[in-house]
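Encoded as structure tokens, the structure appears first; notes follow it.
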Amino acid sequence: MKALRDVFGDTLVSLGSTNPDVVVLDADLANSTKADKFAMAYPARFLQMGIAEQNCVGVAVGLASLGFVPWLSSFTVFFTHRAIDPIRMLVAQTQANVKIGAAYAGLMTGLTGKTHQDVQDLAIMRAMPDMTVLAPADAIEGEAIIRWATEYEGPVFVRLARDASADVFDQEYRFVPGRTISLKEGGDVLLISTGPQSVRCLQAAELLQGQGISAGVLHVPSIKPVNKEEIVKAAEKVKLVVTVEEHSIYGGLGGLVAEILSEASPRRVIRFGIEDRWGESAPNDYLLDAFRMSPARLGERIQKLVA
Amino acid sequence: MTSTTDYQELEALARKGRWLAISTVAGSGAGHVGGPFSAMDIMVALYFRVMKVRPEEPKWPERDRFILSKGHSSIGQYVVMALRGFLPVEELKTFDKGGSRLQGHPDVTKLPGLETSTGSLGQGLSVGLGFALGARMRGQKFHTFVMMGDGELQEGMIWEALHIAPRYKLGNLTAILDWNGLQQFGWVLAINEQHRGDRRDPWSGIDLRGTFEKLGWRCLEINGHDFSQIVPALESAKASGDSDQPTMIIAHTIKGKGVHFTEGKHEWHSKVATKEELKIVAAQLGIVEAGV
């Protein structure tokens with residue numbers, strides 16, 4: 001169990017030792033995102049761009065065209081909201097080989113409150129042609145995704161939660177773009193989730209098992225591209241589909257699943273996530289409870305649904 | 001090398017470029033004229049005299065890089081690239097038409113020879129900064145030129161790049177400010193207020209040169225329509241590629257420069273010339289093969 005921000009910093013350091021083209025551009029948050037580990041290891045390839053996210057994105061595009069593999073380090077919200085236009089025009093529209101290390105994604109951003117929480121990023125990035133959008137659940141998947149993104153030629157957005165989640169994968173794990181992963185089979189209800197929320201869904205499913213409810217969990221680390229057939233197949237095996245995400249219920253994973261199923265296999269889809277409101281400064285446990293995303297709260301909600 | 005006659009060829013190319021730009025826009029039924037005309041002389045100097053480029057090998061790694069950050073002046077860049085041999089002059093007719101390599105704003109995924117996509121203003125200097133920084137890290141000797149408009153300079157992202165480039169001591173980066181003093185709509189004049197154009201200069205009364213210098217840029221100030229000033233300034237900037245200071249060339253220009261009725265007129269920001277107007281343009285630019 002390791003915080004995803006430490007996974008980010010450590011994996012960059014490891015990549016830096018084998019790939020001299022890996023560079024990191026930071027918008028003055030490296031000690032939060034843990035890109036500072038790369039700065040210590042390879043100071044000449046760590047480019048401080050100051051508190052200026054738009055320029056940071058543009059410089060990365062220039063470096064990518066010379067064959068560098070630039071990783072960007074800042075908070076998710078500053079990429080998807082402040083620097084979205086250069087990400088749109090310079091990165092996605094030109095298919096630039098730029099990797100967006102979107103740190104502090106979701107609600108749990110270390111007591112920063114709604115100004116720094118980003119629960120719209122998946123909706124925004126998913127609507128962007130030529131962008132690959134990934135959301136790892138745990139440390140092992142996080143490292144695998146960061147390594148895969150570095151090898152892949154093209155823009156990648158990696159949604160990285162700040163903190164740790166319980167390990168669900170082992171060292172055999174291999175990331176495959178588009179692939180969904182069944183963490184648990186179940187016949188009554190299928191929880192479809194992404195990022196560390198998948199781990200909380202698994203914990204909720206285990207609670208539900210004790211109450212006689214058979215809940216499956218399907219983890220979707222690859223929001224775009226995504227294997228639609230796998231989602232359809234998994235949905236067709238159960239009575240009820242519930243999407244769960246640490247993200248707005250609008251346009252993210254819930255939107256994705258509803259779009260796929262409404263076309264291929266129409267059925268009822270319940271979306272759990274951040275309803276139409278902003279977050280607040282609070283400890284993680286408080287937020288998970290308040291937004292009804294903790295394993296216990298999820299268990300209660302599912303129980304009511306299937307009752 | 002710097003005699004007056006030496007620039008006659010460039011002047012003739014600039015006249016031809018202006019003709020191709022305004023007639024192409026007329027053919028497409030939409031596009032910009034004022035901005036391409038104010039930038040034309042500098043782009044001709046860059047592509048024909050200052051930058052080392054290989055039109056037959058647009059990805060040549062040692063090429064100098066040019067980014068037209070004011071992407072709405074794309075037709076100006078396309079005609080200069082066509083005259084230089086990057087694309088057939090005939091292809092200009094496809095401008096803005098479906099399936100064309102010549103999009104309304106420069107698209108690097110479509111036309112070889114472009115270095116990035118521009119159009120949403122204020123973004124080109126950052127990419128150029130990335131080229132210059134990467135060149136230093138790789139030990140490559142090419143020079144990067146980025147042309148921006150003075151209206152575009154209102155975009156905050158440019159000021160982010162203006163702050164960062166001197167910190168990295170990028171002498172291999174040159175920004176060119178096409179200061180034509182007019183933007184699309186702009187600030188209207190007060191009653192009885194006088195100005196060289198018919199609208200207020202976006203930066204009137206502001207010491208831009210002093211501001212750039214204080215940020216750490218080496219500044220050169222030129223008449224952007226006089227090749228005897230343009231070429232030496234660009235060559236001086238390029239010659240200082242190993243220095244520790246980026247160069248800002250402040251080019252005083254006239255929007256719509258080259259034809260009497262487009263000069264200094266904000267409405268020619270984007271306007272389509274009529275057949276009658278094209279005849280006048282051809283005559284003023286000395287174009288004999290115009291066929292209008």
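All chains are named by letter (A, B, ...) in the order of the sequence lines, taking the proteins before the strands, and each is independently numbered beginning at 1. The figures here come from the full heavy-atom set of this structure, side chains too, leaving out hydrogens, waters and symmetry mates.
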**Study point:** Side chain / backbone / both / neither for E115(B) at chain A, heavy atoms under 4.5 Å
**Key:** neither

Exercise for review: First locate atom CZ of R138(B), then atom CG of D21(A), and finally report the distance between them rounded to the nearest 0.5 Å.
Suggested key: 4.5 Å

Practice item. Search all heavy atoms of F68(A) against all heavy atoms of M137(B) and return the closest pair with its distance. Key: CZ-CB, 3.8 Å

Point to revise | Closest non-hydrogen atom pair between S120(B) and R88(A), with its separation | key: CB-NH2, 3.8 Å

**Study point:** A44(A), part contacting chain B, at a heavy-atom distance under 4.5 Å
**Key:** backbone

Revision key, fill the gap. Bottom line for R167(B): the part with an atom under 4.5 Å from chain A's heavy atoms is neither

Check your understanding: Would you say K52(B) has more than 12 foreign heavy atoms packed within less than 6.0 Å of its NZ?
Key -> yes

Check your understanding: Which answer fits V23(A), side chain, backbone, both or neither, if we ask what part of it has an atom under 4.5 Å from a heavy atom of chain B?
Key -> side chain

Review point. For L47(A), is it the side chain, the backbone, both, or neither that has a heavy atom closer than 4.5 Å to a heavy atom of chain B?
Key: both

Revision key, fill the gap. One option among L133(B), I158(B), I67(B) has the most heavy-atom pairs under 4.5 Å with chain A, and it is L133(B)

Practice item. Would you give the length of the straight line joining atom CE of M157(B) to atom SG of C56(A), rounded to the nearest 0.5 angstrom? Key: 9.5 Å

Revision key, fill the gap. Most contact-rich option vs chain A, by heavy-atom pairs under 4.5 angstrom, among T118(B), D107(B), T144(B), is T118(B)

Exercise for review: Go through the atoms of E53(A) and report whether side chain, backbone, both or neither lie under 4.5 Å from a heavy atom of chain B.
Suggested key: backbone

Study note, to complete from the structure: Whatever's closer than 4.5 Å to a heavy atom in chain A on S117(B) counts as both

Check your understanding: So, for F131(B) and L66(A), which heavy atoms are closest and what is the spacing to 0.1 Å?
Key -> O-CD1, 3.4 Å

Review point. How about K93(B): does its NZ atom have over 12 heavy atoms from other parts shown lying under 6.0 Å from it?
Key: no

Check your understanding: Which heavy atom in N55(A) sits nearest to a heavy atom in E160(B), and how many Å separate them?
Key -> N-OE1, 2.7 Å

Check your understanding: Does CZ belonging to R82(A) count more than 12 external heavy atoms closer than 6.0 Å?
Key -> no

Review point. So do the side chains of M89(A) and T116(B) get within less than 4.5 Å of each other, counting heavy atoms only?
Key: no

Check your understanding: Tell me, do I164(B) and M49(A) make a side-chain contact under 4.5 Å, heavy atoms counted?
Key -> yes

